[in-house]
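Below: one structure, written as structure tokens.
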Amino acid sequence: MEGLLSRRRRQRDEDRLSDLPDDLLLHILGRLDTRSALGAAALSRRWAHLPRELSALDLKVTDALPPRYRRCLDLLHQARHSNGPCESGRRLETVAGRYERRAMRAMVSSVRSLRSSRAHRRVRRLSLEIFEFSTSASINRLVADAVDSWRVEDLEVVARSTGPIAHPRPVYRFPRGRISRMPGESRLRSLKLVNCLPPPLERFTALTTLVLRDLPCSTPAAAYQGVVAACPQLRVLHLVSCEFDRDKARWLVLDAPTSEIRELVVDGELTAVKLRSLPKLESLTAVDANVLLCSDAVPCLAHVSLVFSICPLDYSILNHLISMFMLVLEDAVSIRNLVLRFTGPEMWIARNKNPFPRMPNLKKLLVADVPSSWDVSWPHVLIQAVPQLESLHVHVSQCQEEEGEPGQHTPYAQPLASQRHSHLKELVVIGFGRTSMQLIQLVRFTVDTSTALSRVALLKHGHVEVNGPWEWEMVSQQSTWSNEEKQAILDRIQCSTAQIELVLG
């Protein structure tokens, strides 16, 4: 009996988790937040070295905030949107600020402990979240250690805003201005800065991806132009919600004849970018942003995505905006793939007037998120502007406020012989529902004008699935078509199934 109890006692005291190999233990630690993973070193001697082997560290000041902080912010939000006494709001701001300062002190203490360990580390990715008011040199030293000693390849620094929104919004500046003491030996490949002014990036020869986000209007345009000039080897540049001082510069001009930038994303309605010279640029995405291409600025541009959502405006302003993004297409004659996402409460693309310039090399076109409240047959005007087009995909998003099929329909006009298209092979349409009559007009026009058309897919429900920077797939949800519906579709579009593969999904 004593032997049985002894065996059970040994089994109970046995640490089976520590008997696992390092690879499995590191896999377990990698699924924890960084704060908990680093604390695992205190469990036993067996675990002491494991946190030093972690390849990714995510240090967030929000991890040190108590649940009461979120409740305090909710009460502060309610106080600002009510007619309550201002004194209550000020007290809540004081309490929230106290929590934020405590959390920042706790994070600085953790950073100092992390640096003082003198442990040999090899960290591939470091993500750092701080409050914008932080002035601790320990944060900057940690970044420098990560870049210089840990050989970090991917670095992200996020400066969170606190308190009421100020104008101009505060922006974080690295206390010593630099993120490396030896930039020439750095392995840093990717850098993402949120609400942080970019530091000097000269001699970071391995840096190929730069993402800047949430910079305020007080940011000088030279801050953006400086990083492009300092890093001619950059291949990817994203400017997301990045403003600049419009009193000193109307446009953010990118003029870099030696730049290797292949991919540019400009996202933000207050952003105006003029591309004067980016000779290697292949893909451009503009989201509610003004982008102007100078002549011969982007000779290699092949992929363009334009996203615009316009509210009802004065017609002169609306026409100016339309002409602005049409200039992008007019000067980019080498475009092969084009994505258009034009939305808004009212239709602002004229159905019977073609504002699009001729795009002689375009092969693949996606018109996505077309509001069902619009005349969704408008993409037919694009067919005449792209003589080499081979694939046209249209996705209609249903408006929740609509109850039924729109009552007004433009009569179908038989296309002219001059509108014949000899290269279009595929038409895929998602969104057959309340706007099916207008979509039928689009399909019929395509069938009547496209002599090379071999496949038409009409899908009731589905979505666009992005598989890469310029690859997408039209994904259909399971739908059923009755025999009557199928015959009605065939009769309306007058499509011969002997010549064209018709897919109903």
Side-chain angles (χ1 to χ4, degrees), residues 285 287 303 305-309 337-347 349 351 363-383 389-407 409 412 424-447 450 453-497 499-505:
T285 299
V287 182
H303 317 288
S305 177
L306 298 179
V307 182
F308 286 91
S309 178
N337 297 325
L338 176 62
V339 177
L340 299 178
R341 283 185 169 91
F342 293 163
T343 62
E346 295 182 7
M347 182 169 176
I349 289 290
R351 180 186 183 278
K363 302 290 186 181
K364 193 174 180 181
L365 171 62
L366 167 64
V367 183
D369 301 332
V370 180
S372 59
S373 58
W374 288 21
D375 182 345
V376 296
S377 66
W378 77 262
H380 86 273
V381 302
L382 283 160
I383 297 177
L389 185 66
E390 297 179 357
S391 178
L392 172 60
H393 294 174
V394 179
H395 168 254
V396 177
S397 62
Q398 298 294 333
C399 295
Q400 294 181 356
E401 65 272 12
E402 279 191 86
E403 293 295 334
E405 183 91 12
H409 298 297
Y412 178 73
L424 186 58
K425 301 175 182 178
E426 179 190 46
L427 172 66
V428 180
V429 179
I430 288 180
F432 264 75
R434 289 167 288 185
T435 57
S436 58
M437 182 59 71
Q438 295 172 358
L439 290 175
I440 284 173
Q441 291 189 6
L442 171 63
V443 175
R444 185 174 177 185
F445 178 86
T446 307
V447 170
S450 305
L453 192 65
S454 59
R455 182 176 183 269
V456 174
L458 309 179
L459 313 174
K460 283 185 176 181
H461 306 288
H463 62 277
V464 180
E465 186 173 284
V466 179
N467 297 325
W470 296 106
E471 292 293 331
W472 67 82
E473 181 181 357
M474 305 290 274
V475 180
S476 171
Q477 297 178 4
Q478 188 65 35
S479 301
T480 57
W481 293 72
S482 65
N483 292 331
E484 292 77 8
E485 286 179 312
K486 293 179 181 179
Q487 189 58 50
I489 291 293
L490 289 173
D491 292 342
R492 288 178 177 180
I493 65 178
Q494 299 182 8
C495 173
S496 172
T497 55
Q499 300 175 348
I500 300 175
E501 178 192 1
L502 181 61
V503 178
L504 301 178

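Note that the coordinates shown come from a computational prediction; the quantities given were computed from them, not determined experimentally.
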Can you find a heavy atom in the side chain of [X] that is under 4.5 Å from one in the side chain of [Y]?
X      : Y      : value
Thr446 : His380 : no
His393 : Glu426 : yes
Arg455 : Val503 : yes

Original post:
Does Lys425 offer a backbone N or O that forms a donor-acceptor pair with the side chain of Ser454 under 3.5 Å?
Top reply: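 Side chain of Ser454 to backbone of Lys425: a pair is present.
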Subject >> With Val367, the side chain to side chain contact (heavy atoms under 4.5 Å, CB included) member among Val339, Leu442, Leu382 >> reply: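 Option passing the side chain to side chain contact (heavy atoms under 4.5 Å, CB included) with Val367: Leu382.
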Between [atom1] on residue [X] and [atom2] on residue [Y], distance to nearest 0.5 Å:
X      : Y      : atom1 : atom2 : value
Ile383 : Leu365 : CD1   : CG    : 9.0 Å
Leu392 : Leu338 : CG    : CG    : 10.5 Å
Leu427 : Phe445 : CG    : CZ    : 11.5 Å
Met474 : Glu465 : CE    : CD    : 12.0 Å
Leu366 : Asn337 : CG    : CG    : 10.0 Å
Asp369 : Thr343 : CG    : OG1   : 7.0 Å

Which heavy atom in [X] sits nearest to a heavy atom in [Y], and how many Å separate them?
X      : Y      : answer
Gly431 : Leu439 : O-CD1, 3.6 Å
Gly505 : Ser476 : C-OG, 4.0 Å
Phe342 : Leu306 : CE2-O, 4.0 Å
Leu458 : Trp481 : O-CZ2, 3.7 Å
Leu424 : Ser450 : CD2-OG, 3.5 Å
His395 : Val464 : CB-CG2, 3.8 Å

